[in-house]
Amino acid sequence: MVKITLKDGSVKEVPRGTSVYDVAASISGRLAKEAVVGTVNGKTVDLSYKIESNCELSILKFEDSEGSHAFRHTSSHIMAQAVKRLFPDTQLAIGPAIDNGFYYDFDTEHKFVPEDLERIEAEMNKIVKEDLKLERFEMPREEAIEFMAQLGENYKVELINDLPEDAIISFYKQGDFVDLCAGCHVSSTKEVKSIKLLSLAGAYWRGDEKKKMLQRIYGTSFPKLSMLEEHIHMLEEAKKRDHRKLGKELGLFAMMEEGPGFPFMLPKGMVVKNNLLKYWREVHDRADYVEIETPIMLNRHLWETSGHWFHYKDNMYSLEIDGEDFAVKPMNCPGGMLVYKTELRSYKDFPMRVGEIGRVHRHELSGALHGLMRVRAFTQDDAHIFMLPEQIKGEIINVVNLIDEIYKTFGFSYHVELSTRPEKSMGSLEDWQHAEDSLQGALEEMGINYKLNPGDGAFYGPKIDFHLRDSIGRTWQCGTIQLDMQLPQRFELTYIGRDGEKHQPIVIHRVAFGSIERFMGILIEEFAGKFPAWLAPVQVKLLTIADRHIPYALEVSKKLRAQGIRVEMDDRAEKIGFKIREAQLEKGPYMLILGDKESELGQVSVRSRDIGELGSLELDVFADTLLAEIAERALVSKFEKKE
RNA sequence: GCCGGUGUAGCUCAAUUGGUAGAGCAACUGACUUGUAAUCAGUAGGUCGCGGGUUCGAGUCCCAUCACCGGCUCCA
């Protein structure tokens, strides 16, 4: 192992020979797609540089993203050129550079099969060798349309027609291949050194499901073969952390054909889930929330009142009983509104923070399902906050801080998005404006960077979303804060104000984990199954050396369990090396090896999943240290290796 | 839902051109009583996702269907 001191002063231990790329990836908690260079002890190195000794490393602000963009963009043109050579009838749609690679959408009679990727790749490599220079030229609109029409590129004609009046229409040419393109590109095809086509996919023209489905080819490319190899290696490593694979291996949850999209929580997964909920309740109690529970199923009238019957009827599980329609709740809100109305409320009650751990069901499209990340039944850590208009900003700041605190507990980094009024929205423009301003104002006051998503809000109000990243860099919405401008009105919520009159309260709807199941998926991938002690299904694994040590092991087990520590015993007549191996693969944080020496002295020989053999400790000392680690919800072990 | 791919034992995977299913791990039984990442031997385990069809014969070919994987669309 070598020690790396990072810019922020923190120290990281990695195996000798780890590349700068891997370090950058692990720091950012994702693929180091933008990280291109760094400095090691002040000397500039590239991503493939292997770290052989202790050093100071700083990842440079990731080479200009425009550079890698141009590089990948040229790669996508090379692919289009190769496809046109092999399948001349192909029409080109669009082919941009994306994070980590590029794609191109094609329309052709030929159905691409995986074997085609190799052929196309080979042709691309030929084009690279041909050292074709990229030349840019412009054309007036009519001429450009004529030009593309002659080539039979109907999609390009459509694109040009949709360009704004004053747009400059530019093309890039490499050899006999020309493509409508705003740029930018590298100067020659020769600069692209290593290419890998990754997958085939379908994609609707212009992202519209009513339009034709085109064939998309995804690929990636690098200026050096070693970088491509590193990248492929990273993808393979990431696959090992896939929560679907680990969920099965570690016995956390299961998916069955009998219930597509309905996860089964196994005993070990349930321990994780329950500990997340316990933590949630603790944090929310401290933040002055109360908790309620509303029915899983309510009648049609309620869903008509809330607007869900109209908007989401097809995605709701409904049934008829005693001649009346019922639906399983896809959201907790309407139930929460009914609870609000059980009493006459006063402005003095505000802000009123009402939480609900609610299980909801939504009939998602079959193709959208994805492990625990996108399911049809999930548990929301919901809460509705009822308040006065002047309390909005303060409450939003409270919630943002709460979510931040929760994510920090797990060491997660996240990004924030603000989504505004969609086309199909309800409510007045003034209300929307006020709501959007409140959300934006809170974010800006807090100095939080966010991405703006115009038109992506819910039909009933704008929202702030918190996104977390999975092992291969896909992001998933977890936390969200939504201003609801519809429900208070639809449910005729009121409170008595200072003036003695009835007024309508402001409601925000928020989740921190979002979906406990999805959050668990992220957790599993983030920790690669190695949960911190407070979440680990089995915190201590007892391993006996021989049968005669079982009584002592039972005694140790009893003492630890009496202190609330989750213990499992492996008393099989197997060699200790074998038991350690199995325990290690189960990824629990601690093992205690119990033999003659330990039973005589009342000690335990401690082995940490992460650090290895720690030496012997008094049982009480071990238990106290572990309890402290659990109580603090520490992310790293509090034990130290005895020298 | 759409495009493409995959589906063989609990798990990971084999099975020439269509010729009647096999290995490792796990499980079970027995021996070994073991000191920090795999002890040995034996036993058992499959309507080849499900349903049709072609064929003398189908895990292998065709059709349909379900689930999963990669995307697209969607995500209150």
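All values derive from a computational prediction rather than experimental measurement. Every chain is numbered from 1, with letters handed out A, B, ... down the list of sequences.
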Donor-acceptor contact below 3.5 Å, side chain A:N299 vs main chain A:L302: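 Flag set: sc A:N299 to bb A:L302 pair under 3.5 Å.
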Once side-chain contact (heavy atoms from CB on, under 4.5 Å) is applied, do any residues pair with A:Q215, and if so which ones, sequence neighbours excluded? A:T108, A:F112
5'-most contact on RNA chain B: A:R581 or A:G261, nearest heavy atom basis? A:R581
Interface polar pairs with nucleotides 1-4 of chain B, N/O, under 3.5 angstrom:
| residue | atom | partner | partner atom | Å |
| --- | --- | --- | --- | --- |
| B:G1 | OP2 | A:S366 | OG | 2.5 |
| B:G1 | N7 | A:G367 | N | 3.2 |
| B:G1 | N2 | A:Y204 | OH | 2.5 |
| B:C2 | O4' | A:Y204 | OH | 3.4 |
| B:C3 | O2 | A:G202 | N | 3.1 |

Give one of base, sugar-phosphate or nothing for [X], where a contact means two heavy atoms less than 4.0 Å apart.
X      : value
A:E586 : nothing
A:G207 : sugar-phosphate
A:P260 : sugar-phosphate
A:Y103 : nothing
A:I593 : base
A:R362 : base
A:K329 : nothing
A:D208 : nothing

Can a salt bridge be assigned to the pair [X] and [Y] using a cut-off of 4.0 Å between side-chain N and carboxylate O?
X      : Y      : result
A:D570 : A:K541 : no
A:D208 : A:K211 : yes
A:E304 : A:R300 : yes
A:E582 : A:K579 : no
A:K240 : A:D242 : no
A:R374 : A:E364 : yes

Span that lies between the [atom1] atom of [M] and that of [N], in whole angstrom:
N     : M     : atom1 : answer
B:G46 : B:U36 : C1'   : 39 Å
B:G7  : B:G19 : C1'   : 24 Å
B:U60 : B:A9  : P     : 15 Å
B:G52 : B:A14 : P     : 28 Å

Can you sort out the partners of A:F412 under ring-ring contact (aromatic ring centres under 6.0 Å, His included), two or more places apart, ordered by chain and number?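 Once residues adjacent in sequence are excluded, the partners of A:F412 under the ring-ring contact (aromatic ring centres under 6.0 Å, His included) criterion are A:F410, A:F519.
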Using Watson-Crick and G-U wobble pairs with both distances under 3.5 Å, what is the 5'-to-3' dot-bracket string of RNA chain B, with [ ] for crossing pairs and | for pairs outside the strand? (((((((..((((.....[..)))).(((((.......))))).....(.(((..]....))).))))))))....
Contact under 4.0 Å: A:K575 side-chain N or O vs B:A37 OP1/OP2: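 Result: no.
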Indicate whether OP1 or OP2 belonging to B:G35 is found under 4.0 Å from a side-chain N or O atom of A:R607.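 Answer no for this pair, as no side-chain N or O of A:R607 is under 4.0 Å from OP1 or OP2.
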Is the A:F262 to A:F264 ring centre distance short of 6.0 Å?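 Ring centroids of A:F262 and A:F264 are no less than 6.0 Å from each other.
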With A:R72 as the cation and A:F102 as the aromatic partner, state whether NZ or CZ is under 6.0 Å from the six-membered ring centre and within 45° of the axis. no
Among [options], which nucleotide has an atom closest to any side-chain atom of [X]?
X      : options             : value
A:N315 : B:U12, B:U36, B:A76 : B:A76
A:H308 : B:A76, B:C72, B:G35 : B:A76
A:R374 : B:G70, B:C75, B:C72 : B:C75
A:L585 : B:A76, B:A37, B:C68 : B:A37
A:S199 : B:C72, B:U36, B:G70 : B:G70

Report each atom pair, protein N/O against N/O of nucleotides 25-33 of chain B, whose distance is under 3.5 angstrom.
| residue | atom | partner | partner atom | Å |
| --- | --- | --- | --- | --- |
| B:U33 | O2 | A:D547 | N | 3.1 |
| B:U33 | N3 | A:D547 | OD1 | 3.4 |
| B:U33 | N3 | A:D547 | OD2 | 2.8 |
| B:U33 | O4 | A:D547 | OD2 | 3.0 |

Please determine whether ring-ring contact (aromatic ring centres under 6.0 Å, His included) holds for the pair A:W309 and A:H301, giving the CA-CA distance in whole Å, both sets of side-chain angles, and the decisive distance to 0.1 Å. CA-CA 9 Å; A:W309 194 267; A:H301 178 250; over 10 Å; no
In chain order, what residues pass the salt bridge (charged side-chain N to carboxylate O under 4.0 Å, His left out) check against A:D162, with sequence neighbours excluded? A:R206
Find the distance [X]:[atom1] to [N]:[atom2] and express it as a whole number of Å.
X      : N     : atom1 : atom2 : result
A:D596 : B:U36 : CG    : P     : 14 Å
A:L198 : B:G5  : CG    : P     : 17 Å
A:H243 : B:C68 : NE2   : P     : 12 Å

Taking the six-membered ring for Trp, does A:Y312 stack with B:A76 (centroid gap under 5.5 Å, planes within less than 30°)? yes
With a 3.5 Å cut-off and just heavy-atom distances, do the side chain of A:R206 and the base of B:C72 make a donor-acceptor pair?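 By the distance-only test, no, there is no pair.
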